[in-house]
Amino acid sequence: MYYSKLFGKTSKTVSADEESVNAQFLIRGGFVSKQMAGVYNYLPLGLRVLTKIQNIVREEMTAIGGSEILMPSLTQEESYKTTGRDTMDVLFHTEGPGGAKYVLNPTHEEVVTPLVQKYTFSYQDLPLSVFQIQNKYRNEPRAKSGILRGREFNMKDLYSFHANEESLNEFYEVAKKAYHKVYTRLGLGDITVLTYASGGAFSRYSHEFQTLNEVGEDTVYFCEECRVGINKEIIADQNSCPECGNMDLVQKNGIEVGNIFKLGQKFSSAFGFKVLDAEGKELPVEMGCYGIGPSRVMGTLVEVFHDEKGIIWPEAVAPFKYHLLALGREDETFAEAEKIYKNLVASGAEVLFDDRRDVTAGVKFADADLIGLPVRLIVSKKTLDQQSVEMKKRNEAESKLVPIADLV
RNA sequence: CGGGGUGUGGCCUAAUUGGUAAGGCGUCUGGUUUGGGACCAGAAGACUGCAGGUUCAAGUCCUGUCACCCCGACCA
């Protein structure tokens with residue numbers, strides 16, 4: 001991709017209102033543009049990051065047997081009356097022609113349960129799981145912290161359906177492992193801990209995945225040995241580590257980057273979703289739900305991986321791997337840089353090429369640091385004199401010369 | 001939703017006890033410059049969030065309203 005043709009621009013300044021690091025760097029770097037509180041436009045750079053996060057999540061959900069679907073954002077309010085959730089504070093309500101009442105889905109139990117019910121009649125159809133990656137709408141009383149807590153945000157939600165509790169429990173553990181894999185691939189594995197949290201109305205506990213970070217809204221007490229924690233909200237009924245019994249817990253702030261629940265029969269019973277067992281008797285369906293917010297993950301990554309100059313993207317989600325800068329003003333330099341760019345792209349590399357721009361080298365350096373691609377490559381008269389390009393990793397201080405012949 | 005704060009060209013800011021909007025960034029033109037956010041000259045771009053009110057005169061004071069940020073509450 002030619003930087004000169006990329007929609008979106010970097011900026012030296014950002015409103016003093018934007019205190020959160022993720023909002024500052026994502027806006028300044030041209031990844032996102034704020035529409036209103038808690039609602040963002042994703043520009044090409046930001047969309048590439050978001051898509052990469054989604055793809056990692058997608059791969060791991062597919063790997064545990066999830067079938068990807070896409071459900072609507074808009075749903076009849078009636079469905080929420082069925083489950084009694086029509087009075088939720090965070091629900092956005094809207095109207096259709098003739099006064100038809102709709103809501104914007106804050107989560108999709110009310111959609112997925114009757115949907116799966118429509119195609120599922122026998123215990124032999126179970127277990128099954130479906131997931132989607134889609135935007136959710138929640139009328140948060142207070143949107144905050146850049147893209148960490150929005151009113152519209154991207155979410156992967158997977159729902160599993162089972163003929164009995166054992167099957168649910170079994171799948172729940174499989175999903176838990178898949179979630180760990182996701183965070184490991186995102187580069188957050190070391191600082192993301194499984195955390196026991198409130199199960200709401202459905203079960204005693206749910207599990208959250210908390211990325212330990214100063215800006216986190218949640219307070220987590222966790223065991224440094226087994227890396228399992230307890231959310232402060234349930235510390236009253238559990239004051240030692242649920243996994244190992246360790247009483248010596250460490251307190252940290254956490255960003256909730258995932259949450260998994262055993263829903264039990266809450267939604268299946270509301271919709272009368274039953275299947276027939278081997279004897280032809282009706283069985284209530286057990287459900288689980290499993291959420292990860294790719295947009296929140298993106299904000300979390302910025303909070304975790306940055307320095308004073310900008311973002312330091314983990315390679316797995318960086319919008320491009322290489323940031324190729326052509327410096328100087330000689331036509332030959334740009335011609336050479338262009339060749340190198342084309343060769344890299346032809347070899348399958350993802351390259352952002354900061355080609356001819358009427359700016360000084362310093363501007364290109366500053367933009368590269370801000371955008372935060374993993375590897376910076378510089379082509380200039382200086383490097384070409386040695387048939388080389390200069391290579392520097394974003395998270396390292398030292399650069400080295402690499403012969404052009406060895407690049408690809 | 002309670003408390004606090006802030007709204008000024010596209011962006012960031014300034015404007016004394018009220019006196020008729022200034023600078024920087026960015027953009028455009030021309031020239032110089034080119035390995036860490038260069039420089040010179042010129043240009044375009046604002047009924048100061050919105051609606052009222054006080055006043056000879058309001059960016060500035062008052063009332064209302066909307067928006068945004070922070071703290072708290074909330075958070076399947």
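Just so we're clear, the structure is a prediction, and the values are computed from it rather than from any experiment. Residue numbers begin at 1 in each chain, while the letters A, B, ... track the order of the sequences.
Computed from coordinates, the A:Met36 CE to B:G49 P distance equals 21 Å when rounded to whole Å. Rounded to whole Å, the distance from CE on A:Met391 to C1' on B:G35 is 18 Å. Going from atom NZ of A:Lys144 over to atom P of B:G4 covers 19 Å, rounded to whole Å. The CD1-C1' distance, from A:Ile27 to B:C69, rounds to 12 Å in whole Å. Distance A:Leu91 CG to B:C75 P: 15 Å, rounded to the nearest Å. Between the CZ atom of A:Arg357 and the P atom of B:G37 there is a distance of 14 Å, given to the nearest Å. For the pair A:Glu140 CD and B:C68 P, the computed distance is 14 Å after rounding to whole Å. The separation between A:Glu233 atom CD and B:C75 atom C1' is 9 Å, rounded to whole Å.
A donor-acceptor contact closer than 3.5 angstrom is absent between the side chains of A:Gln76 and A:Glu78. Side-chain contact annotation: A:Asn105 with A:Glu110, donor-acceptor N/O pair under 3.5 Å absent.
The environment of CD in A:Glu170 is sparse: at most 12 heavy-atom neighbours from other residues, nucleotides or ligands sit within 6.0 Å. Taking a 6.0 Å sphere around CD of A:Glu95, one finds it holds more than 12 heavy atoms contributed by other residues, nucleotides or ligands. The number of heavy atoms from other shown groups lying within 6.0 Å of CD (A:Glu398) does not exceed 12.
B:U60 and B:G24: their P atoms are spaced 25 Å apart (whole Å). Here the separation of B:G4 from B:U65, taken at their P atoms, is 15 Å to the nearest Å. A distance of about 29 Å separates the C1' atoms of B:U55 and B:U13, rounded to the whole Å. Comparing the same atom, P, in B:G35 and in B:A44 gives a spacing of 34 Å after rounding to whole Å. Here the separation of B:G49 from B:U8, taken at their P atoms, is 6 Å to the nearest Å. Nucleotides B:U33 and B:A38, compared at atom P, are 16 Å apart to the nearest Å. Atom P of B:A14 sits at a distance of 30 Å from the matching atom of B:G53, rounded to the whole Å. Comparing B:U29 with B:G45, their C1' atoms sit 15 Å apart, to the nearest whole Å.
Using a cutoff of 4.0 Å between basic side-chain nitrogens and carboxylate oxygens, A:Arg85 and A:Glu109 are scored as salt-bridged. Classification of A:Asp86 and A:Lys101 as a salt-bridged pair fails, no side-chain N sitting under 4.0 Å from a carboxylate O.
One donor-acceptor pair, N or O on each side, does fall under 3.5 Å between the base of B:G36 and the side chain of A:Arg376. Side-chain N/O atoms of A:Arg149 and base N/O atoms of B:C74 include a donor-acceptor pair closer than 3.5 Å. Judged by atom type and distance alone, A:Asp17 does not reach the base of B:G7 through any side-chain donor-acceptor pair under 3.5 Å.
Using a 4.0 Å heavy-atom distance criterion, A:Thr383 is classed as a base contact. Counting non-hydrogen atoms under 4.0 angstrom, A:Arg28 reaches a base of the nucleic acid. Using a 4.0 Å heavy-atom distance criterion, A:Asp89 is classed as making no nucleic acid contact. Across all strands shown, A:Val90 has no heavy atoms under 4.0 Å from either base or sugar-phosphate atoms. Within the 4.0 angstrom heavy-atom criterion, base atoms lie near A:Glu390. Residue-level contact check: A:Asp367 touches the bases, meaning some heavy atom is under 4.0 Å from a base atom.
Mapping A:Ala16 and A:Glu109 onto RNA chain B by nearest heavy atom places A:Ala16 closer to the 5' end of the strand. Map A:Lys309 and A:Cys289 each onto its nearest nucleotide of RNA chain B; the residue landing nearer the 5' end is A:Lys309.
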What would the secondary structure line of RNA chain B be in dot-bracket form, counting Watson-Crick and G-U wobble pairs under 3.5 Å, with [ ] for pairs that cross earlier ones and | for pairs with another strand?
(((((((..((((.....[..)))).((((((.....)))))).....(((((..]....))))))))))))....
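Regarding contacts with the backbone of B:C71, a side-chain N or O of A:Arg142 is found under 4.0 angstrom from either OP1 or OP2. Proximity of A:Lys34 to the phosphate of B:C69: a side-chain N or O atom is located under 4.0 Å from OP1 or OP2.
A:Arg48 forms a cation-pi arrangement with A:Phe320, by the criterion of a distance under 6.0 Å to the ring centre and an angle within 45° of the ring axis. Judged by a 6.0 Å distance limit and a 45° cone about the ring axis, A:Lys232 is not positioned over the six-membered ring of A:Tyr221.
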The contact string for nucleotides 21-34 of chain B, one letter per nucleotide 5' to 3', using protein heavy atoms under 4.0 Å with B, S and - for base, sugar-phosphate only and none, comes out as -------------B
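Within the 4.5 Å cutoff, side-chain heavy atoms of A:Glu350 are placed close to those of A:Lys52. Contact check for A:His207 versus A:Lys176: side-chain heavy atoms found under the 4.5 Å cut-off. Residues A:Ile255 and A:Asp218 fail the side-chain proximity criterion, which asks for heavy atoms closer than 4.5 Å.
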